[in-house]
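Just so it is clear: chains get the letters A, B, ... in the order the sequence lines come, proteins before strands, and each one is counted from 1.
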Protein chains: 2
Amino acid sequence: MDKKNSVDQAVEAVADLGRDIGDYIREQRSNAQISLRQLAKLAGVSNPYLSQIERGLRKPSAEILQQIAKGLRISAEALYVQAGILEQRVGGAVVDAVLADTELTERQKQVLLDVYETFRRENASKHSADATEE
Amino acid sequence: MDKKNSVDQAVEAVADLGRDIGDYIREQRSNAQISLRQLAKLAGVSNPYLSQIERGLRKPSAEILQQIAKGLRISAEALYVQAGILEQRVGGAVVDAVLADTELTERQKQVLLDVYETFRRENASKHSADATEE
DNA sequence: GCACTCCGCTTGCAACTGCTAGCACAGGTG
DNA sequence: CACCTGTGCTAGCAGTTGCAAGCGGAGTGC
């Protein structure tokens with residue numbers, strides 16, 4: 001019984017993953033205000049396939065994600081993260097990378113990290129404001 | 001004739017890509033001094049398939065690469081770069097981290113990377129000036 | 001000789017990926 | 001009305017991916 005529930009949950013989790021990347025792509029496409037066919041053309045993939053991806057029916061390869069990212073004018077990495085291919089390391093991948101960068105002075109590092117934190121704060125408060133309005 | 005040569009070259013280029021990741025995996029495995037079967041077991045993929053990958057006969061998905069990376073105890077990103085899924089960007093770690101950060105908008109990412117590149121350019125010219133004095 | 005373990009590889013197959021042809025619907029034009 | 005363009009989706013298919021079963025070879029111990 002417990003094992004069955006565990007398998008069911010795993011299946012649902014996988015299905016959710018497909019929906020995650022599909023929802024994300026649809027959202028970005030909506031933000032860009034282009035139709036499914038337009039994005040498919042920009043990305044160089046077939047529009048039925050893009051439709052299936054958005055609805056979580058198919059799981060695209062990294063190459064297809066790369067093409068979709070190009071069509072959306074966003075980084076492929078962002079799509080990889082949504083697809084679970086690339087890890088989004090919480091709390092500090094950017095911080096770590098900046099601090100470790102030997103081509104920057106310490107002062108420049110601080111400036112960069114200040115800008116980064118400012119952006120993050122802006123996005124966090126905008127996110128809270130959205131939640132408050134709803 | 002020209003078109004045929006162009007197609008041939010494209011085919012060879014694709015085959016080379018397969019050999020690139022395959023050679024790289026074999027090399028890492030050799031460094032780790034483990035057999036193909038041992039790595040396959042550690043990675044959780046079938047050993048015939050791993051063999052085919054190493055010989056460039058098959059093109060593994062990102063998920064399989066992730067598993068192989070785990071078995072080799074190396075980062076998945078290193079394999080993605082070899083497979084052409086991920087770009088190895090100049091100034092890599094910072095750029096990669098910024099692009100993959102889902103808490104930033106695409107515009108903020110560009111701003112941050114612009115600042116970063118500006119700093120690096122400053123340091124590069126300062127570095128050249130130092131070299132000239134020496 | 002035999003049986004066993006390890007090695008890397010071949011083969012055939014099921015499931016999956018990405019595509020083409022085409023559908024139904026909505027809106028606009030003459 | 002017919003025709004056109006645009007929209008997102010269905011269905012069937014060819015090619016690809018990843019696997020299991022099994023092979024031949026090498027080495028070891030009885």
Side-chain angles (χ1 to χ4, degrees), chain A residues 7 10-11 13-72 76 79-80 82-85, chain B residues 7 10-11 13-72 76 79-80 82-85:
Chain A
V7 172
V11 171
V14 170
D16 284 347
L17 270 180
R19 224 170 277 131
D20 281 350
I21 182 63
D23 287 344
Y24 186 75
I25 288 170
R26 181 162 284 189
E27 184 187 330
Q28 296 298 315
R29 178 166 67 79
S30 176
N31 290 344
Q33 296 187 328
I34 55 176
S35 70
L36 185 139
R37 285 192 182 208
Q38 286 170 333
L39 175 56
K41 184 160 190 160
L42 288 169
V45 306
S46 74
N47 75 71
Y49 190 54
L50 180 57
S51 173
Q52 287 172 327
I53 292 165
E54 288 193 350
R55 287 173 288 131
L57 298 183
R58 295 289 168 93
K59 179 171 169 254
S61 65
E63 280 74 29
I64 293 289
L65 288 177
Q66 219 171 20
Q67 288 176 241
I68 292 171
K70 184 196 73 184
L72 285 170
L79 286 191
Y80 293 161
Q82 290 295 321
I85 290 173
Chain B
V7 171
V11 171
V14 171
D16 284 347
L17 270 181
R19 225 171 276 130
D20 280 350
I21 183 62
D23 286 344
Y24 185 76
I25 289 170
R26 182 161 285 190
E27 184 188 330
Q28 296 300 314
R29 178 166 68 80
S30 176
N31 290 344
Q33 296 187 325
I34 55 176
S35 69
L36 185 140
R37 287 191 182 209
Q38 286 171 333
L39 176 56
K41 184 162 192 161
L42 288 168
V45 306
S46 75
N47 74 71
Y49 190 55
L50 180 57
S51 173
Q52 288 172 327
I53 292 165
E54 288 194 351
R55 286 172 291 131
L57 299 182
R58 295 289 168 94
K59 181 175 168 239
S61 66
E63 281 74 28
I64 293 290
L65 288 177
Q66 217 170 23
Q67 288 176 241
I68 293 171
K70 184 196 72 185
L72 284 170
L79 288 191
Y80 293 159
Q82 290 295 322
I85 290 172

What integer distance in Å separates [X]:[atom1] from [N]:[atom2]?
X	N	atom1	atom2	answer
A:Leu57	D:dC9	CG	P	9 Å
A:Arg55	D:dA11	CZ	C1'	12 Å
B:Ile25	D:dG18	CD1	P	11 Å
B:Leu39	C:dC7	CG	P	12 Å
B:Leu36	D:dC23	CG	P	20 Å
B:Ile34	C:dC6	CD1	C1'	15 Å
A:Gln52	D:dC13	CD	C1'	13 Å
B:Ile64	C:dT17	CD1	C1'	15 Å

> Is there a side-chain polar atom (N or O) of B:Arg58 under 4.0 Å from OP1 or OP2 of C:dT10?
Replying inline: no
>> Does C:dG18 have OP1 or OP2 under 4.0 Å away from a side-chain N or O of A:Ser61?
In response: yes
>> Heavy atoms within less than 4.0 Å of DNA chain D: which residues of residues 41-51 of chain A have one? Give them sorted by number.
In response: A:Asn47, A:Pro48, A:Ser51
>> Less than 4.5 Å apart, side chain to side chain, heavy atoms only: is that true for B:Ile25 and B:Leu50?
In response: yes
> Do A:Arg29 and A:Leu72 have side-chain heavy atoms sitting under 4.5 Å apart?
Replying inline: yes
> With distance as the sole criterion, do the side chain of A:Arg37 and the base of D:dT7 form a donor-acceptor contact below 3.5 Å?
Replying inline: yes
Please confirm whether the backbone N or O of [Y] pairs with a side-chain atom of [X], one donor and one acceptor, at under 3.5 Å?
X	Y	answer
A:Gln67	A:Gly44	yes
A:Arg55	A:Gly22	no
B:Arg58	B:Ile53	no

> Quick one: which of D:dG8, C:dG18, C:dG8 gets closest to the side chain of A:Pro60?
Replying inline: C:dG18
>> For the CD atom of B:Gln82 and the CD atom of B:Glu27, what is their distance to the nearest 0.5 Å?
In response: 8.5 Å
> If you look at every heavy atom in A:Ile64 and A:Tyr49, which pair is closest and at what distance?
Replying inline: CG2-CE2, 4.2 Å
